[in-house]
Student: 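Take this structure first; my questions come after.
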Amino acid sequence: MTYFIFRNSTIEPLFTDFNAIFSGYGDVTIGMSDVDYFIWFYLLDLKSDIDSLVDEIDDYYHKIELLLTKIPDSKPLIIFTIEKFNRSRLVNNDFILDEAIYNFNKKIFSLDVKYPNVKIIEISEFISKFRQNELIDWKFYYTSDIILNPKLKLYFNDWFTKKINAINFIRKKCIVLDLDNTLWGGILGEDNVEGILLGNTYPGSAYSDFQKLLLEIQKKGVILTVCSKNNKVDVDEAWEKNPFMILKKEHFSAFRINWKDKVSNILEIADELNIGLDSMVFLDDDPSERELVSKSIPEVIVPELPKQPYLLTDFLLNLYEQYFQVYQLTEEDKNKTQHYLAQKKGKEYKSTFKSYDDYLRNLEIHTQIQNASKFNIPRIAQLTQKTNQFNLTTKRYSEKNISDFVINNHFVACMTIKDKFGDYGITACAVVLINNDEAEIDTFLLSCRILGKGYENVFISGLLNELIDKGIKKVKAEFRQSNKNMQTENFYDNFGFKLDSINNGIKNYHFIFGEKIIIKDLYNLEII
Amino acid sequence: MIEEVKEIIAKVLKIDIRAVDSIIKEEEFSSFDSLQFLNFVIELESKFKISIEPEEIESINNFDQVINIIKSKTNQ
């Protein structure tokens with residue numbers, strides 16, 4: 001990933017581990033355009049002359065406005081907010097400066113709404129972690145024009161990487177929760193429904209707040225599941241009868257409440273939800289359970305839970321920041337739990353039908369293939385970043401990459417799916433490179449949430465029919481083996497592509513066009 | 001301490017640790033540009049928890065001087 005960073009001071013030591021190119025101080029000339037991200041990282045000077053600082057802040061905004069006229073819409077521009085590190089010791093309050101900073105930050109947040117390619121990073125989140133004397137090293141300020149202490153580099157790298165991951169939708173998907181002394185205080189089997197610790201007084205209040213925070217996190221698209229050694233009837237009773245229970249049964253997408261080992265249960269949950277083990281975080285107060293899981297399934301993140309209940313919410317906020325933060329929630333994220341519950345209902349429904357097509361027809365499926373547009377590009381990029389299993393080439397793309405494909409007249413499309421159990425949103429996408437009358441399928445993927453109903457054949461058929469309409473005579477495709485996509489190894493073979501070669505885990509194919517491919521009407525495919 | 005300083009040089013110049021010996025044999029640190037030298041000083045200060053004064057930074061020309069400054073500030 002390459003960055004071109006507009007700056008007003010020496011910031012290179014903070015970015016030594018990144019592939020970054022820097023502007024001159026205060027210069028808004030675009031020195032290099034072939035980068036993944038433009039970044040605006042101005043830091044407020046440490047001098048005490050408030051009037052001149054206020055003027056400088058005004059100037060920053062004018063420069064950003066100018067920059068926005070130069071940077072193409074398809075290139076992301078990440079703007080850091082400004083914050084003062086050096087509170088004036090000459091006056092009791094420097095509210096004029098505070099107001100200028102507030103107004104500047106307010107204006108750049110409005111740019112985030114107006115320009116889809118603008119993303120904002122709040123520097124206050126970083127500097128709030130440090131004292132003033134840690135943020136400033138006066139020696140480097142005077143000798144090297146460094147405003148933010150370069151010795152904070154490691155912390156800054158870590159924080160900035162998380163912010164970039166959040167912008168690129170790179171995050172874990174699922175929290176697996178123990179119950180006793182994790183979701184509530186006490187042991188349900190011993191303390192009974194009324195005796196477990198939840199409510200308004202400590203330590204129950206700490207567990208209640210922990211649950212409230214988990215609920216907020218669930219609303220941000222993180223899947224909550226339960227893995228607990230308990231009697232299921234006892235847990236159901238606690239969910240129904242304890243008046244202080246914030247998290248109800250419907251907030252969880254999967255449960256394993258039994259006396260089996262937790263490793264087997266976690267493997268089953270991953271299988272049931274069709275998610276990778278490396279997208280799971282396991283929370284359990286028992287160190288022996290944590291050790292068993294972390295040693296048996298090293299892909300699962302197993303953090304150490306604080307022993308003191310009053311530290312639980314702070315722990316969870318840090319965990320969220322570390323593994324689950326996302327810059328912008330998509331509609332699919334907001335409804336993720338409903339999607340998984342709908343999928344579960346669908347599985348139960350399936351068993352009552354005579355034939356598979358009979359089952360599918362009764363699902364009242366509606367599919368729609370859409371061309372890439374500014375409305376769906378964020379989700380398409382997110383799918384390329386997150387999808388591992390049904391992903392033929394596992395190529396990761398940013399929003400900017402996807403926009404570039406569209407600008408260069410390649411064919412980028414996605415598919416939405418809904419049925420009587422729910423709207424799954426955009427759950428498949430493809431990038432097809434067009435070169436005159438030849439096409440090459442660069443990316444073809446489906447979210448694991450919708451596998452098992454033949455949508456992959458609907459999508460590829462729809463795409464190939466579209467390519468016929470575009471006058472394409474020959475289509476090439478490839479399968480690139482990864483650690484997780486083995487289920488797709490024979491997808492092109494099974495669909496009727498001709499295998500040309502196999503080399504180092506890469507299978508090359510071509511497809512010979514005949515008539516348009518007939519797609520079963522039960523999928524109600526619409527192409528827009 | 002010498003090995004730790006060599007590791008810092010390798011990290012700052014993004015070179016293999018085995019290539020550091022040839023650099024420190026030179027009369028001057030000609031392999032460093034100004035930014036790499038700044039990063040070198042920042043890394044030294046962080047690693048050995050010392051503060052190197054601007055005048056001392058100015059005076060650094062070779063590897064031995066670096067070692068002497070660190071020794072004087074860490075009582076080694």
Side-chain angles (χ1 to χ4, degrees), chain A residues 1-27 31-32 39 41 43 45-46 85 126-127 129-161, chain B residues 1-20 23-24 28-63 65-76:
Chain A
M1 207 111 69
T2 53
Y3 305 92
F4 187 87
I5 307 181
F6 299 96
R7 47 82 184 260
N8 66 339
S9 61
T10 304
I11 53 171
E12 288 93 328
L14 296 171
F15 288 92
T16 51
D17 294 335
F18 296 93
N19 190 9
I21 303 148
F22 300 89
S23 74
Y25 294 168
D27 186 3
M32 191 175 188
I39 294 180
F41 188 32
L43 291 163
D45 199 279
L46 303 179
F85 304 169
F126 178 74
I127 70 169
K129 298 173 196 289
F130 303 95
R131 294 192 298 272
Q132 182 170 310
N133 63 354
E134 293 173 315
L135 290 166
I136 302 167
D137 187 318
W138 289 103
K139 177 178 68 193
F140 290 116
Y141 173 69
Y142 280 108
T143 59
S144 306
D145 290 320
I146 293 177
I147 293 170
L148 182 57
N149 187 350
K151 290 176 188 166
L152 299 178
K153 182 182 100 169
L154 289 179
Y155 302 104
F156 184 83
N157 278 358
D158 183 47
W159 176 76
F160 180 65
T161 302
Chain B
M1 176 211 296
I2 289 174
E3 287 309 309
E4 287 167 316
V5 177
K6 284 182 184 176
E7 281 170 17
I8 291 173
I9 292 173
K11 180 179 169 189
V12 167
L13 294 182
K14 295 184 170 124
I15 57 171
D16 192 289
I17 186 81
R18 288 167 295 188
V20 172
I23 287 166
I24 64 176
E28 294 184 353
F29 275 155
S30 54
S31 300
F32 286 88
D33 63 27
S34 58
L35 193 59
Q36 287 166 334
F37 196 73
L38 171 63
N39 284 326
F40 179 52
V41 171
I42 293 165
E43 294 286 342
L44 288 175
E45 292 197 352
S46 299
K47 178 79 185 174
F48 296 102
K49 297 186 172 42
I50 55 174
S51 177
I52 306 175
E53 294 305 312
E55 297 76 14
E56 292 172 308
I57 295 170
E58 285 286 312
S59 74
I60 294 174
N61 275 320
N62 57 50
F63 187 74
Q65 286 172 331
V66 175
I67 299 300
N68 288 335
I69 287 171
I70 298 169
K71 279 182 178 169
S72 70
K73 289 175 184 289
T74 57
N75 297 321
Q76 287 187 45

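Because the structure is predicted, anything quoted here is derived from the model rather than measured. So you know, we letter chains A, B, ... as the sequences are listed, proteins then strands, and number each from 1.
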Student: For B:Ile2, what residues pass the side chain to side chain contact (heavy atoms under 4.5 Å, CB included) criterion, not counting sequence neighbours?
Tutor: B:Lys6, B:Phe63, B:Ile67
Student: Suppose we screen for side chain to side chain contact (heavy atoms under 4.5 Å, CB included). Which residues come up paired with A:Leu154, at least two apart in sequence or across chains?
Tutor: none
Student: Going by side chain to side chain contact (heavy atoms under 4.5 Å, CB included), name the residues that satisfy it together with B:Ala10, two or more places apart in sequence or in a different chain.
Tutor: B:Ile15, B:Ile17, B:Val20
Student: Any idea which donor-acceptor pairs are under 3.5 Å between chain B and chain A?
Tutor:
residue : atom : partner  : partner atom : Å
B:Lys14 : NZ   : A:Thr16  : O            : 3.1
B:Glu43 : OE2  : A:Lys153 : NZ           : 3.1
B:Glu45 : OE1  : A:Lys139 : NZ           : 3.2
B:Glu45 : OE1  : A:Lys151 : NZ           : 2.5
B:Glu45 : OE2  : A:Lys139 : NZ           : 2.2
B:Ser51 : OG   : A:Lys139 : NZ           : 3.3
B:Ile52 : O    : A:Lys139 : NZ           : 2.8

Student: Select one option (side chain, backbone, both, neither) describing which atoms of B:Leu35 are under 4.5 Å from chain A's heavy atoms.
Tutor: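 The side chain, not the backbone.
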